[in-house]
Structure formats: C-alpha cells, structure tokens
Amino acid sequence: MSRGNPTAEVFAGIGLLIAFHFMFWIGISVLFYLVFLLLSSLKLDVFGLLPSYFWLGPLLGFGLTQLLYVIPLCIYYRRQRQFNKMKGIIIGAILTALLNGSCFLTVLR
C-alpha cells in the first residue's frame with residue numbers, strides 16, 4: 001500500500017483543525033445567542049445580570065477549549081495510524097494557542 005505525500009497530509013491535518021475551529025465558533029455563537037434569547041424572553045436584564053467578561057470567556061479561552069476536540073482527534077488519527085495528519089492537528093493547535101495568547105496579551109495591555 002503506497003503512502004501519500006507526508007507534507008500534504010500534515011497540511012490536511014491543519015485544514016481539518018481549521019474546519020473544527022469554525023464549527024466550534026459557530027456552535028458557541030449559536031449557544032450564546034440562544035442563552036441571550038432565553039434570558040431576554042424571561043424579561044431579565046441580560047447585561048445587568050451577567051458580567052461583561054462572561055461573553056469574552058470562550059473567545060479568550062479558545063486556546064484551552066480547543067483541547068475538547070484536539071485530543072479526541074489526535075487519539076482517533078493515532079489509532080488509524082495516520083501520524084502525519086495527527087502532526088498537522090498538533091501543529092495547528094499550537095499555532096492557535098500561540099496566536100490566541102499573543103492577541104490576549106495585546107488586548108490585556
């Protein structure tokens with residue numbers, strides 16, 4: 001059985017992680033929108049009830065919350081013996097965490 005191009009497989013892993021990032025982003029956005037609608041329908045003062053930093057939690061913790069889907073993906077591709085895709089996922093996760101950390105420090109400053 002011939003192996004594919006290792007570099008292409010690494011980039012496929014990075015692309016897969018980017019797709020998971022977008023799915024996570026959409027899921028979190030929908031979740032917060034539904035919570036907002038629920039609290040608004042209960043006639044609660046949404047912005048007075050929740051601190052302002054509550055809405056920034058998933059955005060600032062994105063580097064940590066990505067572990068919810070990065071670790072299972074790595075376990076799956078390790079069991080499938082597709083180590084190059086697993087490397088791509090790990091590289092993408094590290095780059096995401098570094099980019100998120102630098103943006104967080106820039107905003108914090």
Side-chain angles (χ1 to χ4, degrees):
M1 185 169 153
S2 67
R3 298 289 300 173
N5 185 0
T7 306
E9 289 181 7
V10 169
F11 281 113
I14 293 172
L16 180 68
L17 185 70
I18 291 171
F20 269 88
H21 285 334
F22 281 121
M23 288 188 292
F24 178 76
W25 184 268
I26 290 171
I28 287 294
S29 298
V30 168
L31 180 68
F32 275 112
Y33 180 71
L34 291 175
V35 168
F36 180 78
L37 284 179
L38 177 68
L39 293 176
S40 296
S41 68
L42 296 174
K43 305 289 188 215
L44 296 174
D45 183 16
V46 177
F47 295 107
L49 181 66
L50 299 173
S52 61
Y53 58 85
F54 175 78
W55 302 101
L56 297 175
L59 300 177
L60 298 176
F62 191 70
L64 294 176
T65 56
Q66 74 174 340
L67 294 177
L68 295 173
Y69 50 88
V70 168
I71 292 174
L73 277 174
C74 287
I75 292 171
Y76 174 76
Y77 282 113
R78 182 179 169 89
R79 288 185 180 166
Q80 297 295 317
R81 301 191 59 79
Q82 295 182 3
F83 297 111
N84 290 325
K85 282 188 183 177
M86 186 180 76
K87 288 178 191 176
I89 291 169
I90 292 170
I91 289 169
I94 290 170
L95 289 175
T96 301
L98 289 173
L99 181 63
N100 184 36
S102 65
C103 291
F104 176 70
L105 290 177
T106 302
V107 170
L108 189 65
R109 186 175 180 205

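For reference, positions follow the sequence shown, starting with 1.
- To the nearest 0.5 angstrom, Gln80 atom CD is 12.5 Å from Met86 atom CE.
- Without hydrogens or angle criteria, Gln66 side chain to Ala93 main chain gives a donor-acceptor distance under 3.5 Å.
- When the side chains of ILVMFWY residues are joined at heavy-atom separations under 4.5 Å, either directly or via intervening members, Ile90 and Leu99 end up in two distinct hydrophobic clusters.
- Within the hydrophobic cluster formed by Ile, Leu, Val, Met, Phe, Trp and Tyr side chains joined at under 4.5 Å, directly or through other members, Ile26 is accompanied by Val30, Leu34.
- Tyr76 meets the side-chain hydrogen bond (donor to acceptor under 3.5 Å, both in side chains) test with no other residue; sequence neighbours excluded.
- Ring pair His21/Tyr69 is perpendicular by interplanar angle, where above 60° counts as perpendicular and below 30° as parallel.
- For the pair Ser102 and Thr106, the tightest heavy-atom approach, listed with the atom from each and the gap, is O-OG1, 2.8 Å.
- Nearest heavy-atom pair, Leu17 versus Ile89, reported as atom, atom and distance to 0.1 Å: CD2-O, 3.5 Å.
- Under the ring pair (Phe, Tyr, Trp, His ring centres under 6.0 Å) criterion, Tyr77 pairs with no residue at all, not counting sequence neighbours.
- Separation of atoms CH2 (Trp25) and OG1 (Thr65) is listed at 10.0 Å; rounding is to 0.5 Å.
- Hydrophobic side-chain contacts under 4.5 Å tie Phe22 into a cluster, directly or through other members, with Val10, Phe11, Ile14, Ile18, Ile91, Leu95.
- Leu67 forms part of a hydrophobic cluster together with Ile71, Ile75, judged by ILVMFWY side-chain heavy-atom separations under 4.5 Å.
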